[in-house]
Amino acid sequence: MSDRNVTKANGVKRFFRIFFSRGWVTKICFGIIVLFVLIAVFAPVLTPWTPYEQNLRNILAGPGKEHLLGCDNIGRDTLTRLLYGARISLVTGLLSSIWAAVVGTTIGLIAGYVGGWVNSAIMRITDAMIAIPPIIFTMVLSTMVTGNLLGISIVIGVSIIPSYIRMVNGLVMSLRENDYVTAADLIGQKQLVIMFRHLLPNCLASLIVTFTMNVGTAIMLESTLSYLGVGIIPPTPAWGVMVSEGYKYLFNQPLVAILPGICIMLVVIAFNIVGDALRDALDPRLRGKL
Amino acid sequence: MGRYLLKRLGISVLVVFLVSVISFTLVHMLPGDPAVLALGSEASEQDVEAFRKEYHLDRPVAEQYVIWIREILHGDLGDSITYSRPVTACLAERLPRTISIGLPALILSSMFGIFCGIVSAVKRGKFVDNLITFVSTIGLGAPQFWLGILGVYIFGMKLKLLPLSGYVAPSENFGQYVYYGVMPILILSFGLLASVSRQTRSNMLEVINQDYIRTARANGLVEKSVVYKHALKNALIPVITTIGLQVRVVVGGSLMVEQVFNIAGIGTLIVSAINGRDYMVVQGCVFVISVFIVLVNFVIDLLYGFVDPRVRKSWR
């Protein structure tokens, strides 16, 4: 038992060593994610204002003592709205990736294990879904959910499900040829047990990597939808909404439109790079590749 | 080879059929009554009925689908509800604009992306490599609509070098087309450039470590010839797939770029059609775009065979 604990501890140590071995870039990106999570959690404590509080005296005010990053076109504090925007982005990003992971993994697992025409049918439908550009796909769907956070998360989730299906499906197709699967089959294990007890854990490493990357993709999609006016709707302080509102006043107060974009970029890049580092640490076979 | 071709073609046709089902279902899930939206809430009962009849909205959904497919096979995508003209006419009018922005972006980013990827791989770990990696990371992480706005602010408002928005067709006045088009094209290519250069870089690195490259070097070939003659050929094969996949990204990206720069292309058509519940336009656009993407992927599959003899062998 203690032996097992030691190897486990070594494994964890090894994981962290490789995870951070890419140097300071990974560390910074990991830090950015932690920072934005903290901001999202503690947003109300970090600022004396609320994201909806208007002050007509401060319309398009520049950075100052009271409003550190200035105000928007109806006098709302930009910094406050940015802080609260982190909540929207992270919640939609995580929520949509989680639900897509659950659905996509299950479908991919079943299709890959059962094989035959079920597999072909599911893969062709996945192909067709991938052929439709995700922005257009989600734009059409999002008109059904009228701007609420949960609805948008579900819609974005639907568009990233195919990526999980493809990934898990490909893995399972090769995994099921392994001897331990045959052995489990021979001792009379139920198919569901084989799928979820034996095959699923072997997909976990790739799943975590795909998940991390998809959080970034989902945040990007959410902000794009919000920018186009079919995602989160104003006055909710989503970053995409802020860019789209600020665009009209770009000449007078560029900060309102430009700062939220920087936040989106930082978070998306951070998730991408941490995903890369995770891949190195979790899946040695893929090291050095994209 | 014939059998392989037929099989691939069969799969593509199947996917196109599924795409038509998905785009049809997707559009019919849109909330709101298109008749009421087109005629206004003041419209009389009869008018609404007549409108429904004209656009076959009174039939069962399955029948509407069959009617739509039958029309597509006759080269007709139905009539737009808001513009009251054929969808094909709307597409014909707007497609050239989207292509005149998207195609240069695709070509530019592919060429420049491959070049950056090679440089990055050859100078691995050096300053140039880090710089290219840094720029591509930004290209992949920055939202395109935001890049557009940033461009407008810096080059349009502050430096007053380029126009804020607008579009001139290349057939009308080529100089003006370049003047108005340079920013949308560059911004659209930025994201693509990043993925092409990253893909090229990792392929090059993989190929450079292979035995035949070592042999070429051992035979005393000049490094330039090793890189450009021997390594590049094999490294570029997977890049074709990436470029093919980029067509999808170009379509999505042009939607945003058109929105920011106020270009009346396919992107703005889709956005306004979705907001106006113009069933026919939305499903027509989604269908045409997706079929185009399936087609591109099919062609790329074939190209693979011509470029790579190993793939051609497996076709038999």
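What you see below is based on every heavy atom in this structure, not just the backbone, and it leaves out hydrogens, waters and symmetry mates. Every chain is numbered from 1 and lettered A, B, ... according to where its sequence line falls, protein lines coming before strand lines.
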Side chain, backbone, both or neither: which part of A:V230 has an atom under 4.5 Å from a heavy atom of chain B?
-> side chain
Strictly by modelled atom types, are A:T236 and A:Y84 linked by a side-chain donor-acceptor pair under 3.5 Å?
-> no
Within the side chain of A:W99, is there an N or O that forms a donor-acceptor pair under 3.5 Å with the backbone of A:I154?
-> yes
Under a 4.5 Å heavy-atom cut-off, does chain B meet the side chain of A:L266, its backbone, both or neither?
-> neither
Got a donor-acceptor contact below 3.5 angstrom from the B:S197 side chain to the B:C116 backbone?
-> no
Does any heavy atom of chain A fall under 4.5 Å from the side chain of B:V251, the backbone, both, or neither of them?
-> side chain
May I ask you to decide whether B:K126 forms a salt bridge with B:D129, counting only side-chain N to carboxylate O separations under 4.0 Å?
-> no
With a 4.5 angstrom heavy-atom cut-off, which part of B:I149 approaches chain A: side chain, backbone, both or neither?
-> both
With a 4.5 angstrom heavy-atom cut-off, which part of A:F251 approaches chain B: side chain, backbone, both or neither?
-> both
Under 4.5 Å heavy-atom distance to chain A, tell me which part of B:V21 shows up: side chain, backbone, both or neither.
-> neither
Top contributor to chain A contacts, counting heavy-atom pairs under 4.5 Å, from B:F287, B:Y153, B:F292 | B:Y153
Side chain to side chain, A:N272 and A:D276, heavy atoms closer than 4.5 Å = no
So what's closer than 4.5 Å to chain B heavy atoms on A:I130: side chain, backbone, both or neither?
-> both
In terms of side-chain heavy atoms, does B:Q199 have a donor or acceptor partner in B:S195 at a distance below 3.5 Å?
-> no
Chain A: which of B:R201, B:R248, B:Q259 shares the most heavy-atom pairs with it under 4.5 Å?
-> B:R248
Of the backbone (N, CA, C, O) and the side chain (C-beta and beyond), which part of B:L147 lies under 4.5 Å from a heavy atom of chain A, both, or neither?
-> neither
Distance-only polar pair, side chains of A:S97 and A:N214, donor-acceptor under 3.5 Å = no
Counting heavy-atom pairs under 4.5 Å to chain A, which of B:V271, B:V294, B:N297 comes out on top?
-> B:V271
Give a yes or no answer on whether the side chain of A:N169 reaches the backbone of A:I165 with a donor-acceptor pair at less than 3.5 Å.
-> no
Heavy-atom contact with chain B under 4.5 Å, split by part of A:M144 | both
